[in-house]
Number of protein chains: 2
Amino acid sequence: MTAGHRPGRSTESVDNYLKAILALSEPHGGRVMSKALAERLGVAPASVTNMLQKLAAAPAPLVEYERHRGVLLSPAGRRRALEIVRHHRLIETFLYEVLDYPLEELHEEAERLEHFISERFEARIAAKLGHPRTDPHGHSIPTLEGEMPHRSSLLLAEVTPPPAGSASCVYVVDSVSDRDATALRNLEANGITPGARLRLLPGERFLVSLAEPATGDASAQPISLTREDAQEIWIRPLSA
Amino acid sequence: MTAGHRPGRSTESVDNYLKAILALSEPHGGRVMSKALAERLGVAPASVTNMLQKLAAAPAPLVEYERHRGVLLSPAGRRRALEIVRHHRLIETFLYEVLDYPLEELHEEAERLEHFISERFEARIAAKLGHPRTDPHGHSIPTLEGEMPHRSSLLLAEVTPPPAGSASCVYVVDSVSDRDATALRNLEANGITPGARLRLLPGERFLVSLAEPATGDASAQPISLTREDAQEIWIRPLSA
DNA sequence: TCCCTGATTTAGGTATACCTAATATTTAGG
DNA sequence: CCTAAATATTAGGTATACCTAAATCAGGGA
């Protein structure tokens with residue numbers, strides 16, 4: 001082995017499996033199938049099976065796995081996955097706030113570093129940042145205790161716009177995805193960042209405009225989003 | 001492979017071999033033998049031979065290696081080694097200045113992270129720190145262009161103190177080693193950090209006292225160092 | 001119910017980077 | 001100059017994490 005004495009006990013690769021299982025099980029809360037994992041991790045399905053078998057056979061398994069029935073995080077596995085997500089999001093926040101990284105370059109750097117920082121590093125950047133609760137993309141940062149603060153939000157791509165002729169309605173941008181740098185740059189250029197007010201125009205899907213934070217008035221010309229863009233944006237009702 | 005798309009081209013392990021060859025060849029400037037490398041890297045001599053053969057056989061070799069005659073860095077290998085050393089020392093400086101790490105914990109964290117930061121990360125922390133020329137241990141930081149600024153200094157363990165009865169003489173602490181955290185904590189507790197004035201008392205080896213920066217006067221009771229401590233301290237004459 | 005298709009798993013193989021034990025080379029002492 | 005000790009190399013093996021190709025399994029439609 002070449003990555004021997006890492007602060008955490010697991011390898012970079014194992015960390016990535018755990019993170020992927022967490023992310024894919026989040027929507028439905030159930031078991032995750034190998035194919036989905038293989039796709040997300042960019043490896044062959046056979047590699048996934050192999051890894052899951054090894055993980056499940058370990059003395060203190062990080063996953064529960066049954067042949068042909070998919071995989072689930074064990075409590076320990078979930079704790080580790082959340083620790084890595086916490087690292088990732090704290091690092092992103094740090095790069096953004098302290099090192100002035102552009103929004104769309106946060107993910108790649110954090111994706112690498114999240115596996116290698118010590119507890120001390122984590123603690124120090126968290127303190128420096130004033131223990132932030134969300135990262136620059138609007139995602140919740142898991143707590144030190146391994147709790148993931150829940151946020152309820154809607155994927156813009158799945159929201160039906162108000163019927164033609166009726167009034168438009170205003171939402172708040174809850175978060176944007178960090179995984180596609182190009183889309184992210186595009187959204188940012190249009191002012192669509194976490195906290196922004198988004199007015200859904202009636203009738204047409206994915207036709208929106210920015211709204212003034214205070215008044216809710218439209219402040220710019222309509223923005224026509226692609227379906228792909230809408231897949232990257234989570235919104236919540238203004239009131240909540 | 002598990003550490004795929006790293007900013008640099010080489011692996012963590014290869015980086016460490018290059019750094020070790022650089023460090024061990026620095027004193028005499030000549031070839032480095034497998035045994036010395038094996039000791040420094042904490043691997044078996046056979047593993048070193050293996051790695052050197054592979055490195056030397058690569059299309060654009062990072063080392064020049066001849067069986068039984070030791071190894072030398074190629075220009076490309078030296079460039080890469082200096083890049084990693086630059087990373088290491090910039091990270092140490094950053095951890096110390098920005099994240100308030102204690103001196104003796106810099107090395108371990110930097111040793112891990114040096115392999116994984118991007119060019120952008122390097123550039124940003126260098127800018128944030130005002131492009132420092134030395135790290136908190138007093139070591140020169142290689143330039144972006146791959147030059148290692150030379151500093152001439154003497155290992156305290158090898159300096160003969162002034163003869164008994166004659167005057168003591170004053171040196172400046174040029175640098176302290178970063179590899180032994182315990183020794184480092186001890187030195188720091190005694191005020192022996194880069195830039196401190198050190199008065200060598202006559203006769204006894206390793207018997208020193210701190211001196212006032214301005215006057216050169218002794219400002220404290222004598223400090224009795226062990227031979228091991230003296231192996232960790234580099235000094236230069238006051239004038240230089 | 002049966003079978004077909006897609007998903008999953010098994011089998012067998014690659015590359016990296018390490019190990020130990022056995023062998024070979026160099027060098028320094030007599 | 002020749003041998004013994006120190007050093008280096010070869011040979012063969014382990015573990016991780018990936019791959020492809022060849023079985024095998026599970027669930028839905030005829």
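Proteins get letters first, then strands, A, B, ... in listed order; numbering begins at 1 in each. Computed from a predicted structure; not experimentally measured.
- Considering only heavy atoms from C-beta on, B:Leu22 stays 4.5 Å or farther from B:Val32 through its side chain.
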Enumerate the protein-to-nucleotides 6-9 of chain D contacts in which both atoms are nitrogen or oxygen and the separation is below 3.5 Å.
unit_1: D:dT7; atom_1: OP2; unit_2: B:Lys35; atom_2: NZ; d: 3.2
unit_1: D:dA8; atom_1: OP1; unit_2: B:Ser34; atom_2: N; d: 3.4
unit_1: D:dA8; atom_1: OP2; unit_2: B:Lys35; atom_2: N; d: 2.7
unit_1: D:dA8; atom_1: O3'; unit_2: B:His68; atom_2: N; d: 3.4
unit_1: D:dT9; atom_1: OP1; unit_2: B:Tyr65; atom_2: OH; d: 2.3
unit_1: D:dT9; atom_1: OP1; unit_2: B:His68; atom_2: N; d: 2.8
unit_1: D:dT9; atom_1: OP2; unit_2: B:Ser34; atom_2: OG; d: 3.1
unit_1: D:dT9; atom_1: OP2; unit_2: B:Thr49; atom_2: OG1; d: 2.8
unit_1: D:dT9; atom_1: OP2; unit_2: B:Tyr65; atom_2: OH; d: 3.3

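- A straight line from CD of A:Glu39 to P of C:dG6 spans 14 Å, rounded to a whole angstrom.
- Residue B:Thr11 has a polar side-chain atom (N or O) positioned under 4.0 Å from OP1 or OP2 of C:dA17.
- With salt bridges taken as basic N to acidic carboxylate O contacts below 4.0 Å, one links B:Lys19 and B:Glu114.
- Here the side chain of A:Ser13 is nearest to one of C:dC19, D:dA17, D:dC19, namely D:dA17.
- In this structure, the CG atom of B:Asn50 is 17 Å from the P atom of C:dA21, given to the nearest Å.
- Taking the charged nitrogens against the carboxylate oxygens, B:Arg151 and B:Asp174 do have a contact shorter than 4.0 Å, which makes a salt bridge.
- To the nearest angstrom, C1' of C:dA17 lies 14 Å from CG of B:Asp15.
- For the pair A:Arg227 and A:Phe206, the cation-pi criterion (under 6.0 Å, within 45° of the ring axis) is not fulfilled.
- Between the CD atom of A:Glu12 and the P atom of C:dA17 there is a distance of 14 Å, rounded to whole Å.
- The aromatic ring centres of B:His107 and B:His88 sit less than 6.0 Å apart.
- B:Glu66 has a carboxylate O that lies under 4.0 Å from a charged side-chain N of B:Arg31, or vice versa, which qualifies the two as a salt bridge.
- Rounded to an integer number of Å, the gap from A:Leu37 CG to C:dA7 P is 14 Å.
- Within the shown strands, C:dT8 is the pairing partner of D:dA23 under the Watson-Crick or G-U definition, both distances less than 3.5 Å.
- As a whole-Å value, the separation of A:Tyr17 OH from D:dT16 P is 14 Å.
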